[in-house]
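Remember, it's a predicted structure, so these values are computed and weren't measured experimentally. One is the number of the first residue; the rest follow in order along the sequence.
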Amino acid sequence: MDFIKELHSFKTIVEEGTFTKAAAKLNYAQSTVTNHIKKLEEELEVALFLEGKSNVLTLEGELLKQAVPGLIAQWEEVKEQLLNASNTVEYSLRMGIVPPYDMLILPELLHVFSHQYPKIKFEIMVGSTLALADALKENRIDFALCSLPHEDSFVYEELFQEEICCITSITNPLIIKELADLTGIHLYSSGGDCPALRNIEGYLDQCVPSLQWEYVSSSTTIPYLIEQTGFCGLVPRSIIDQTCAQVKILSLPLPNLRMTIGLLSKQSLTLFPNITKKFVFELKMRLLSL
C-alpha cells in the first residue's frame, strides 16, 4: 500500500534528519523517498517541509509527525487481524531458551499460539546463555530467554532475578557455616556456559581451592545425580522447585547468589513483527506468574 510506504518514508526522514539518510536506511533510491513525500503532500494537500529546507517541518508536518506512529501501528494491527482471520499467516518464529523454562512455559504457550496462528512455524533452540548468544550472532535465532552474557553488543531486557542455590541429598548431613566447610567437597555445576554461575565458581575457587568440580551439560539433571551420589551442586531455584529428586537446599555464605533472566536480542523487540511481540508478551505473562 503506497500510502503506508509514504508514511514510513516521512517517519524515517524525521528520525534520520535528511532525505539521504532516510533513503539509505530504507534501502531506497533518494528519488523514491522524494517521490513518496511529494505524493503524500499531494494526497494531504499540505506542505510537510519548509520550502528549501528539507529537514525543517511545517506546522502540518509537525502534526503528521505526532500521528504517524499510531497510523502505522493501526494499519499493521488491522492487516494482521485480517490475515489471521483467514488463517493465512505464514511466519517463522525463531527463539532460544535456557532450561528449565523450556519445560515450564513453552508447551502450553506453543499449543495456544499454534491454534491462534495455524501456519506459524516455531524454531526453538534450548541451550546455555553463551550458546544462545552465539546463535543470535549467527542469525540462527531472533531472540532468547536467558541470562545476561558478558558481551554488550546485544539488547537485553531483564525480567527478574533468580536465586542460585547450593543443594545436596537429603541424606547428606553437611552443614555449611563458612566456606571452609566445603573443603574437598564434590560440587556439580553447569556453569561453564553461564556467566553468573562462572562468577560464583571463580569466587569459590579462590576461597576453597580444594573444591572438586563436576561439570554437567544440563542443569536439570544435577538434582538426580546428587540424589544418587550425595554430592553438592549449584542450580537455579526454578529447577529445585520442579524436580522430583530428593534434595535439600544448603545455606551458602556468599554475597550474590542471583542470576538475571531476561530477553536477549540484536535489536529492540519493539521493532519485531506484531506476531513476535504478541508471543513475547504472552511469554512474559507466563514467566511472571511462575
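Considering CG of L136 and CE of M95, their distance stands at 10.5 Å, rounded to 0.5 Å. Expressed to the nearest 0.5 Å, how far CG of L59 lies from CG of L64 amounts to 11.5 Å. Here CZ of R94 is found 11.5 Å from CD1 of I124. Values are rounded to the nearest 0.5 Å. Taking CG from L287 and CG from L159, the interatomic distance works out to 6.0 Å, rounded to the nearest 0.5 Å. Of the inter-residue distances, the one linking I185 atom CD1 with L250 atom CG reads 9.0 Å to the nearest 0.5 angstrom. Rounded to the nearest 0.5 Å, atoms CD (E214) and CD1 (I222) are 10.5 Å apart.
The salt bridge (Lys or Arg N to Asp or Glu O under 4.0 Å) test applied to E157 returns K284, not counting sequence neighbours. The salt bridge (Lys or Arg N to Asp or Glu O under 4.0 Å) check on K25 picks up E16, with sequence neighbours excluded. Residues passing the side-chain hydrogen bond (donor to acceptor under 3.5 Å, both in side chains) test with S251: none are found, sequence neighbours excluded. Taking the ring pair (Phe, Tyr, Trp, His ring centres under 6.0 Å) definition, one finds that F231 meets it with H186, Y188, sequence neighbours left out. Partners of E138 under the salt bridge (Lys or Arg N to Asp or Glu O under 4.0 Å) rule, at least two apart in sequence or in another chain, are R140. Residues passing the side-chain hydrogen bond (donor to acceptor under 3.5 Å, both in side chains) test with N139, sequence neighbours excluded: K266. Not counting sequence neighbours, S289 has no partner by the side-chain hydrogen bond (donor to acceptor under 3.5 Å, both in side chains) test. Under the rule for a salt bridge (Lys or Arg N to Asp or Glu O under 4.0 Å), E43 has no partner lying at least two apart in sequence or in another chain. Shown here are the side-chain hydrogen bond (donor to acceptor under 3.5 Å, both in side chains) partners of N35, two or more places apart in sequence or in another chain: there are none.
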| Worked verdict on I164 versus L254 for side-chain contact (heavy atoms from CB on, under 4.5 Å) | CA-CA 11 Å; I164 298 173; L254 285 179; over 6 Å; no

| task | Could you walk me through whether F49 and L57 pass the side-chain contact (heavy atoms from CB on, under 4.5 Å) test, one step at a time? | result | CA-CA 4 Å; F49 294 89; L57 294 173; 3.4 Å; yes

| field | Pair W75-L7, side-chain contact (heavy atoms from CB on, under 4.5 Å): steps then yes or no | value | CA-CA 11 Å; W75 166 249; L7 290 179; over 6 Å; no

| field | Intermediate values then yes/no, side-chain contact (heavy atoms from CB on, under 4.5 Å), W213 and L234 | value | CA-CA 10 Å; W213 289 102; L234 294 175; 4.0 Å; yes

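For NZ of K277, the number of neighbouring non-hydrogen atoms (other residues, nucleotides, ligands) closer than 6.0 Å is greater than 12. By the 6.0 Å contact criterion, CZ on F160 is enclosed, its count of non-hydrogen atoms from other residues, nucleotides or ligands being greater than 12. Annotation: I175, atom CD1; neighbour count of heavy atoms from other residues, nucleotides and ligands within 6.0 Å does not exceed 12. By the neighbour-count criterion of 12 heavy atoms within 6.0 Å, atom CD of E42 is densely surrounded, having more than that number from other residues, nucleotides or ligands. More than 12 heavy atoms of other residues, nucleotides or ligands lie within 6.0 Å of OH in Y224, so this atom counts as buried by the packing criterion.
The main-chain N or O of S238 is found under 3.5 Å from a side-chain atom of E162 such that the two form a donor-acceptor pair. No side-chain donor-acceptor contact under 3.5 Å links T58 to the backbone of L50. The closest donor-acceptor contact from the side chain of D181 to the backbone of E178 lies under 3.5 Å. Within the 3.5 Å criterion, the main-chain N or O of S147 finds a donor-acceptor partner in the side chain of T129. Of the possible polar contacts, none joining the T243 side chain to the I240 backbone as a donor-acceptor pair under 3.5 Å is found.
In this structure, F281 is not a member of the same hydrophobic cluster as I261, with clusters built from ILVMFWY side-chain heavy atoms closer than 4.5 Å. Connection of Y203 to V208 is established within a shared hydrophobic cluster, with ILVMFWY side chains joined at heavy-atom distances below 4.5 Å, either directly or through further cluster members. Each of V126 and I239 belongs to its own hydrophobic cluster when Ile, Leu, Val, Met, Phe, Trp and Tyr are linked at side-chain heavy-atom distances under 4.5 angstrom. V98 and V155 fall into different hydrophobic clusters, where Ile, Leu, Val, Met, Phe, Trp and Tyr residues are linked whenever their side-chain heavy atoms come under 4.5 Å apart, directly or through other members. Taken together through direct or relayed side-chain contacts under 4.5 Å among Ile, Leu, Val, Met, Phe, Trp and Tyr, V112 and I275 form parts of separate hydrophobic clusters.
Applying the salt bridge (charged side-chain N to carboxylate O under 4.0 Å, His left out) definition to pairs two or more places apart or across chains, those involving residues 241-256 are R237-D241. Legend: ring pair (Phe, Tyr, Trp, His ring centres under 6.0 Å) pairs involving residues 119-143, not counting sequence neighbours, sorted by first then second residue: F122-F279.
For the pairing with H36, the ring pair (Phe, Tyr, Trp, His ring centres under 6.0 Å) check across F3, F10, Y28, F19 returns one residue only, Y28.
C166 and L187 make their closest contact through SG-CD1, 4.3 Å (heavy atoms, listed as atom of the first residue, atom of the second, distance). Taking both residues in full, the closest heavy atoms of I226 and S169 are given as CG2-N, 3.2 Å, listed atom of the first, atom of the second, then distance. Residues V280 and L269 approach most closely at CG1-CD1, 4.1 Å, considering heavy atoms. L257 and L252 get closest at one heavy-atom pair: CD1-O, 3.6 Å. The two residues L48 and E41 make their nearest non-hydrogen contact at N-OE2, 2.8 Å. Nearest heavy-atom pair across S210 and G184 is OG-N, 3.1 Å.
With salt bridges taken as basic N to acidic carboxylate O contacts below 4.0 Å, one links R286 and E282.
A 4.5 Å side-chain heavy-atom check between L263 and L283 finds at least one atom pair inside the cut-off. Two residues are said to be in side-chain contact when any heavy atoms from C-beta on lie closer than 4.5 Å; M125 and L132 meet this criterion. In this structure the side chain of Y117 never reaches within 4.5 angstrom of the side chain of L93, judged on heavy atoms.
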Would you tabulate the side-chain donor-acceptor contacts of residues 102-111 under 3.5 Å, counting partners in other chains and residues two or more places apart, or write 'none'?
none

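Side-chain atoms of T220 and S218 form a donor-acceptor pair, as typed in the model, at a separation below 3.5 Å.
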